[in-house]
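Numbering of ligands and ligand atoms starts at 1, following listing order.
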Amino acid sequence: MTLILGIESSCDETAAAVVADGRFVRSSIVASQHELHRKYGGVVPEIASRAHLERIGPVVDEALKTAGVELDAISAVAIGHRPGLIGSLLVGLAAAKALAWSTGKPLIGVDHVHAHLHAAALVDGGCDDDRRSADIAMPALGLVVSGGHTSLYELRSITDIRLLGHTIDDAVGEAYDKAAVILAAGYPGGPAIDKLAQRGDPTAHDLPRAALRRESLDFSFSGLKTALLYAVQGRPQRSKAKPRASETVFERSGEDLTESQRADFAASFQAAAVDALILKIERALGALAAEDRSVQSLIIGGGVSANSLLRCRAAELGETHSVSVHLAALPYCVDNAAMIAGLGCELLQLGRCADLDLSAVTSASI
Ligand code: KG4
Ligand code: ZN
């Protein structure tokens, strides 16, 4: 059995996990920093890296303890070293290097975005033969939807990944977070809008679904965000009281909305955001089929894959397009270290280990 210790600190979650044979999660500890960033309405990088520093040691200890394993029993240490906030990445990377060096175990550098796709293969607990055989059929189409990324991939295997398209402006999770600010729905924004949308009418407001060029597999969410802002607050105007002031003044405030109006806006936003994702998945399935590269599976990961409407629509799409749909289990949608350990195991098997001079990289590899 191969046991990997995974470490993740790319943004605002300090996480460590122990995963057996790439898929079977023995422990997954996530120390979230939402409380620290809530009052700023977004992640403050300096606060994030300081909090990682305080938490990384106890979180790793907790992951080993919960899994019931000593450091000696670990086969390798995997670290999400790209992409992310530089200060945050450096804390996890330094911890992973120290553990690998002091135990003489291999160090494995893992791309955080690719790991979000592997999250769909993770299962809790032990590995019996039934579960072992339930692999995701390849080739596959992969979609990563998170606070920092909205990307479509063609996968021949979980370690052989080609980028097909990505967002040209905001990530879909970022749009959710901004929508939550406009609607004063709470922080973090995605789950708050998802919850509010349950009580609203998705047809109440006609918000844009960016299709881009006819064959484009890229995404765009900034137009949707701005359309919601204008629908809620009216057009921006020059302040009559302070005509020279640079701050933008709107006709109305989001705070004037009734609860049912807020729910209608949330539901209409969610319908438009999810429609835009489904449109590109269908377009990609069609484009790959036309080139004789049909896929057998659709994999969706990243924080927004926890979204109730996206999960529903993806399952329907699986039926209509005859692909098997694999969504990360809810605890593995948002940032976690089990996905890092899992993909780290696949890379270890291919001999793709890193040296102790592995760098933290702020941008995605593809
Ligand atoms: O993957 P993740 O934890 O971090 C990044 O790698 O960015 O994703 C966080 C994002 C946030 O934007 C959050 O608002 C969004 O995922 N999110 C959701 C839901 N749960 C989390 N968005 C929509 N619906 C949800 N249920
Ligand atoms: Zn992430």
Side-chain angles (χ1 to χ4, degrees), residues 6-15 17 28 30-34 37-38 41-43 45 48 79-85 88-89 92 110-120 122 142-151 166-167 170-183 185-198 200 202 219 221 224-225 228 266-267 269-277 299-314 327-340 342-343 362-365:
I7 296 179
E8 154 64 32
S9 69
S10 65
C11 188
D12 61 341
E13 324 279 4
T14 319
S28 177
V30 181
S32 155
Q33 301 179 6
H34 292 160
H37 302 285
R38 176 166 283 127
V43 177
I79 173 67
H81 74 117
R82 69 191 305 161
L85 301 170
S88 292
L89 286 169
V110 176
D111 184 295
H112 175 97
V113 187
H114 296 177
H116 269 306
L117 292 171
H118 186 70
L122 296 173
L143 174 70
V144 177
V145 276
S146 71
H149 302 273
T150 307
S151 303
H166 61 91
T167 182
D170 293 352
V172 61
E174 195 181 345
Y176 261 95
D177 293 336
K178 286 177 181 160
V181 173
I182 295 167
L183 295 173
Y187 180 87
I193 292 282
D194 195 2
K195 199 165 156 215
L196 188 58
Q198 313 296 322
F219 301 87
F221 289 98
L224 170 60
K225 175 193 69 188
L228 177 72
F269 170 86
Q270 175 144 297
V274 172
D275 271 356
L277 295 172
I299 306 172
I300 309 184
V304 183
S305 66
N307 185 264
S308 58
L309 181 63
L310 179 60
R311 293 180 88 83
C312 224
R313 295 283 305 277
L327 294 153
L330 287 180
Y332 308 124
C333 289
V334 286
D335 287 350
N336 65 88
M339 66 183 194
I340 302 290
L343 185 52
T362 52
S363 55
S365 61

Should the pair H116 and H112 be assigned to parallel (<30°), tilted (30 to 60°) or perpendicular (>60°) ring geometry?
perpendicular
Between the Zn ion (ligand 2) and D335, which N, O or S atom of the residue is the nearest one?
OD1
Can you report which non-hydrogen protein atom sits closest to [atom], along with the distance?
atom: atom 18 (C) of ligand 1; value: G190 CA, 3.5 Å
atom: atom 2 (P) of ligand 1; value: D335 OD1, 3.3 Å
atom: atom 9 (C) of ligand 1; value: G147 N, 3.8 Å

Mind checking whether [X] contacts ligand 1 via backbone (N, CA, C, O), side chain (CB onward), both or neither, at a 4.0 Å heavy-atom cut-off?
X: H149; answer: neither
X: D177; answer: side chain
X: D194; answer: side chain

Under 4.0 Å from any heavy atom of [X], which atoms of ligand 1 are there?
X: S146; value: 1 (O), 5 (C), 6 (O), 7 (O), 8 (O)
X: G173; value: 12 (O)
X: V334; value: 3 (O)

Decide yes or no on side-chain contact (heavy atoms from CB on, under 4.5 Å) for R82 and H114, but give the supporting numbers first.
CA-CA 10 Å; R82 69 191 305 161; H114 296 177; over 6 Å; no
Is H112 close enough to the Zn ion (ligand 2) that one of its N, O or S atoms comes in under 2.8 Å?
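Yes - counting backbone and side chain alike, H112 has an N, O or S atom under 2.8 Å.
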Is H116 close enough to the Zn ion (ligand 2) to have an N, O or S atom under 2.8 Å?
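Short answer: yes, at least one N, O or S atom is under the cut-off.
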side-chain contact (heavy atoms from CB on, under 4.5 Å), that's the test. Do V43 and L85 meet it? Break it down for me.
CA-CA 10 Å; V43 177; L85 301 170; 4.0 Å; yes
Does H112 have a heavy atom less than 4.0 Å from any atom of ligand 1?
yes
Can you tell me if H116 contacts ligand 1 (heavy atom of the residue under 4.0 Å from the ligand)?
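For ligand 1, residue contact (heavy atoms, under 4.0 Å) with H116 is present.
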Should one rank G303, C11, S305 by closest heavy-atom distance to atom 1 (O) of ligand 1, which comes out on top?
G303
Nearest neighbour of atom 23 (C) of ligand 1 from the list L309, N307, V113, on a heavy-atom basis:
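Residue with the shortest heavy-atom distance to the ligand atom: N307.
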Please check if any side-chain donor atom of Q270 sits under 3.5 Å from a side-chain acceptor atom of N307, or the reverse.
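Note: Q270 and N307 side chains meet the donor-acceptor criterion.
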Under 3.5 Å between some N or O of ligand 1 and some N or O of G148?
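Min N/O separation from ligand 1 is below 3.5 Å for G148.
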Would I79 and I340 count as a side-chain contact (heavy atoms from CB on, under 4.5 Å) here? Give the steps.
CA-CA 7 Å; I79 173 67; I340 302 290; 5.5 Å; no
Rounded distance [0.5 Å steps], CG in L277 versus OG in S305
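It is 10.5 Å, given to the nearest 0.5 Å.
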Separation of E174 CD from T150 OG1 (nearest 0.5 Å):
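Rounded to the nearest 0.5 Å, the OG1-CD separation comes to 8.5 Å.
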Is a donor on one side and an acceptor on the other found under 3.5 Å between the side chain of S88 and the backbone of C11?
yes
Output yes when a side-chain donor or acceptor of D194 lies under 3.5 Å from a complementary backbone atom of S308, and no otherwise.
yes
Do K178 and D170 pass the side-chain contact (heavy atoms from CB on, under 4.5 Å) test, and can you show the C-alpha distance, the side-chain angles, and the key distance before you say yes or no?
CA-CA 10 Å; K178 286 177 181 160; D170 293 352; 3.9 Å; yes
Proximity of F269 and Y176 rings by center, below 6.0 Å
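Yes, close enough.
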